[in-house]
Every structure is written in C-alpha cells, then in structure tokens.
Number of protein chains: 2
Amino acid sequence: MDNAIKKMDRPIPLGVVKRLPVYYRFLTGLMKKEIERISSQELADKLGVTASQIRQDLNHFGSFGRRGYGYRVKELQEVIAYILGINQRKNMVLVGAGNLGKAIANYSSFREKGFFIKAVFDNDPAKIGTVLANCKIKSIDFLEEFLCSNNIDIGILAIPVENSTIIAKMFEENGVKGIWSFAPINIKSRRNIVVENVHISESLMTLSYKIQSE
Amino acid sequence: MDNAIKKMDRPIPLGVVKRLPVYYRFLTGLMKKEIERISSQELADKLGVTASQIRQDLNHFGSFGRRGYGYRVKELQEVIAYILGINQRKNMVLVGAGNLGKAIANYSSFREKGFFIKAVFDNDPAKIGTVLANCKIKSIDFLEEFLCSNNIDIGILAIPVENSTIIAKMFEENGVKGIWSFAPINIKSRRNIVVENVHISESLMTLSYKIQSE
C-alpha cells in the first residue's frame with residue numbers, strides 16, 4: 001500500500017482533508033452495493049463537487065483512476081482509508097459520560113474503523129462504576145494515572161466548558177496525540193497535540209441561514 | 001436592522017455561510033468579556049484566517065468596520081445573528097430520543113438562540129410518555145398529525161438509518177422547511193426543503209489524518 005501513495009512532502013490543504021471522509025463514506029456505500037468502478041464525473045455528480053476537484057484532491061496522494069475507465073472503488077476506498085488512518089488501531093479515552101458521551105460511546109461504527117474506547121471517565125459518583133462501551137466508568141481522579149500507563153492516541157472531550165481546558169492540558173502533558181473535542185469552546189492545537197473541535201450548533205445555524213434565504 | 005444589510009441578490013458561497021457561525025461564536029465570546037471593538041487583523045489572527053478573507057466574507061452583506069477603527073463587536077454580532085436567523089423564533093421537532101437525541105434536547109444554548117423544541121417523537125414504548133426537553137415524548141405514529149397542525153421550521157433526525165428516509169419524506173410533505181440530520185446517511189436537499197447533515201465521524205477521521213501526518 002505504501003508504494004501506491006505519493007510521498008506527502010508538503011501539507012495537504014485542510015479542505016482536501018475534510019473531503020476525504022466524505023469520499024470514503026460514499027465509496028464504502030458503493031462497495032456495499034457491489035459497484036466496482038465509478039468515473040470521476042459520476043463521483044462528482046453524487047457528491048455535489050466538480051470532477052476536476054475530485055481529480056485534484058486525489059492527485060495530492062498519487063495517481064488514481066484511468067481515463068475512460070474511472071476509479072476502482074475498492075482500491076480508492078482502501079487508499080483513502082490508509083491516508084486517513086482508518087483500520088490502523090487507535091486507542092481512545094472518553095471523558096464525560098453524559099448523553100453526548102453515551103451517544104459517542106455507543107456509535108459502533110468507530111470500532112469497525114479501528115477506533116477503540118479503552119476507558120471512560122466522569123466526575124459524577126452516580127455514574128462511576130457503571131458500564132459504558134464495555135468499560136466500567138472511572139473517576140476522573142484516575143485519568144492522569146491511566147494516561148501515563150497506557151498508550152492513548154485520542155482523548156474525547158464530552159464535558160461542559162468549565163473543566164475542558166484542564167482535561168485538555170492533562171491530555172497534552174501525558175502523551176495523547178489528538179483531542180476530539182465536543183466542548184462548546186475552541187481548544188487550540190499545540191506543538192504536541194492536534195485538536196478537532198466539533199461545534200454541533202454551527203450546523204444548526206447554517207441550516208437556519210439556508211431556511212431564511214430560500 | 002434590515003437597512004444595514006445589503007440586499008442579497010446572489011447566493012452567498014457556502015464557505016462564507018459556514019464561517020459566519022464561527023464569527024458569531026467568537027464575537028459573542030468577546031461581548032461576554034466586554035470587548036467593544038476589534039480589528040479585522042485581530043479577528044483574523046484569533047480565527048486562523050486572513051484579514052482579507054474576513055473583509056471579503058462580510059462584504060457580501062454590506063459595509064462593516066472602518067479603516068483604523070475595526071469592527072464594533074456588538075454591531076457585527078447582531079448583524080451576523082440577523083443573517084443567520086438567530087433570535088428569530090424557529091420551532092423544531094425532534095425525532096429520536098436516544099442518547100444523541102437527549103444530548104441535543106438538553107443543549108440549552110439552542111433555546112437561548114431562538115430554537116425551540118416543540119415536540120419529541122420516538123418509537124420505543126419505554127420512552128413514550130416520559131419527559132425530554134419539557135416535552136412528553138410522543139409516539140412516532142402521531143408525527144404526521146402534529147406536523148399538519150403545527151408550524152414547524154426544523155425537523156431534527158436523531159434516529160438510525162433505517163427509518164430516516166421515511167421520516168425525512170414526512171417532514172418534506174408536511175411543510176417543514178429544514179432538516180437537521182444526524183442519521184448516518186446523506187439526506188438530500190430538495191425543492192421544498194433544505195437539509196444539513198451532521199456526520200460526527202468525519203471529524204474523527206480528520207483528526208486521525210492529522211495525528212498520522214504530524
């Protein structure tokens with residue numbers, strides 16, 4: 001697989017990176033329908049972008065598809081999975097076992113893609129000791145110790161704003177590589193750690209705008 | 001307020017629309033800190049875009065900010081709120097009272113922005129009759145009737161993939177203006193209805209990519 005992918009000697013534009021999961025999801029859907037090949041034009045039509053955009057995006061990673069034939073669905077899906085690190089085991093911890101934390105923990109498709117929740121932490125005595133995502137929920141007091149003695153790739157923040165900065169710092173200082181934050185503030189990426197903030201309400205506002213401008 | 005905003009005689013690029021909630025959130029934060037004005041450069045630095053991008057984005061809506069003075073935070077925040085339809089009452093129904101539905105329903109900041117959940121529906125007998133977001137959860141069998149007799153702007157889909165297409169169609173046929181979908185498929189916008197799909201897992205894949213490319 002490594003040989004198939006162009007050495008990424010310059011950073012890939014963020015817009016491209018954001019589109020890759022969309023391509024991945026769509027190609028996985030095609031595979032389920034046993035569709036073996038697709039032209040960049042068909043791919044473009046389905047995804048609402050231009051064929052040229054798709055070719056440009058993929059060109060960052062190597063040479064895929066053949067003129068007049070299009071893309072082999074399975075090959076392209078595997079390449080994108082590889083680029084995104086899907087199916088390459090990632091260990092995660094979840095901090096926050098409220099409704100959102102529960103929703104995340106129960107989203108089984110992460111596990112299928114190689115993202116495993118190794119431990120869940122909360123500060124609510126009523127939750128500590130109960131089971132979520134096959135993990136007995138631990139007190140947040142044990143988070144630092146757990147991070148020190150386990151190799152954790154991703155820390156999930158599903159807690160209110162008050163404690164999120166402290167926990168983010170704890171992730172950073174204990175070797176966590178990335179934070180997936182649902183806290184309603186922006187946690188910033190730093191030298192040692194990358195952050196992906198999910199602001200669910202932004203999509204509601206986008207929808208609100210679209211309704212008004214109809 | 002209407003006079004302050006340029007007539008939008010051509011569609012605003014989606015990229016601009018997507019950035020407006022980010023500006024809105026940041027400006028709201030400044031207001032809480034009682035900061036009254038900000039230069040486009042400062043705004044740009046904080047948000048990780050260029051000052052020219054910010055000026056171009058806002059220029060779609062009129063003329064804001066003055067050279068050497070910058071933007072009045074409150075004025076700009078109010079204009080963006082107006083454009084996004086924030087604080088202009090929107091009635092919503094929530095379909096799906098699982099963990100994700102609960103997390104959405106309990107997210108109080110929507111209500112503060114004028115987005116009200118008027119009713120919650122589920123098909124689980126154990127949930128029907130219990131209370132969520134001040135609403136007694138109703139059977140999904142009553143959704144169509146409810147949509148007919150109430151003026152609903154936004155339908156929230158927080159259900160598994162199986163039923164989401166049927167419910168989306170029901171929204172569309174009964175006057176709902178927009179769908180905010182958390183279903184793990186793409187629901188398409190149609191002539192009568194706009195759709196905003198939230199694919200939470202895409203942000204995890206983006207994070208996974210960033211970790212790998214560090």
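Throughout, protein chains are lettered first and strands after them, A, B, ... in sequence-line order, and every chain is numbered starting at 1.
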Next item on the list: Among B:G15, B:S208, B:G98, B:G178, single out the residue with the greatest number of heavy-atom pairs under 4.5 Å to chain A.
Entry: B:S208
Item checked: Proximity breakdown for B:F26 and chain A, heavy-atom pairs closer than 4.5 Å -> neither
Next item on the list: Return the option, out of A:D153, A:I86, A:N186, with the maximum number of heavy-atom pairs under 4.5 Å with chain B.
Entry: A:N186
Notebook entry, point to check: Among A:I179, A:N106, A:I156, who wins on heavy-atom pairs under 4.5 Å with chain B?
Noted result: A:I179
Checklist line | Side-chain ion pair, A:E202 and B:R25, N-O less than 4.0 Å | finding: yes
Next item on the list: Output yes when B:K18 and B:E196 qualify as a salt bridge under the 4.0 Å nitrogen-oxygen rule, no when they do not.
Entry: yes
Note to self: Is it the case that the side chain of B:K127 and the backbone of B:G96 share a donor-acceptor pair, with hydrogens and angles ignored and the cut-off at 3.5 Å?
What the structure shows: no
Notebook entry, point to check: If you count heavy-atom pairs under 4.5 Å between each of A:I200, A:I211, A:I193, A:L20 and chain B, which one has the most?
Noted result: A:I211
Margin query: I need the minimum non-hydrogen distance between A:A168 and A:L157, along with the two atoms involved.
Written below: CB-CD1, 4.3 Å
Next item on the list: Side chain from CB out, backbone as N, CA, C, O: work out which of these in A:K210 comes under 4.5 Å of a heavy atom of chain B, or both, or neither.
Entry: both
Item checked: A:R89 to A:F116, cation-pi by 6.0 Å centre distance and 45° axis angle -> yes
Notebook entry, point to check: Side chain, backbone, both or neither: which part of B:K177 has an atom under 4.5 Å from a heavy atom of chain A?
Noted result: both
Notebook entry, point to check: Among A:I104, A:V22, A:L14, A:N197, which has the most heavy-atom pairs under 4.5 Å with chain B?
Noted result: A:V22
Notebook entry, point to check: At a heavy-atom separation under 4.5 Å, does B:I154 approach chain A through its side chain, its backbone, both, or neither?
Noted result: side chain
Item checked: Partner chain B: residue of A:V195, A:V194, A:L100 with the largest heavy-atom pair count (under 4.5 Å) -> A:V194
Margin query: Between A:K46 and A:E42, does any NZ, NE, NH1 or NH2 come within less than 4.0 Å of an OD or OE carboxylate oxygen?
Written below: no
Item checked: Closest heavy-atom pair and its distance - B:P21, A:T206 -> CG-OG1, 4.1 Å
Checklist line | A:N174 (side chain) donor-acceptor with A:L147 (main chain) under 3.5 angstrom | finding: no
Check: Where on A:V198 is there a heavy atom nearer than 4.5 Å to chain B: the side chain, the backbone, both, or neither?
Finding: side chain
Next item on the list: Counting only heavy atoms closer than 4.5 Å, note whether B:R19 contacts chain A via side chain, backbone, both or neither.
Entry: neither
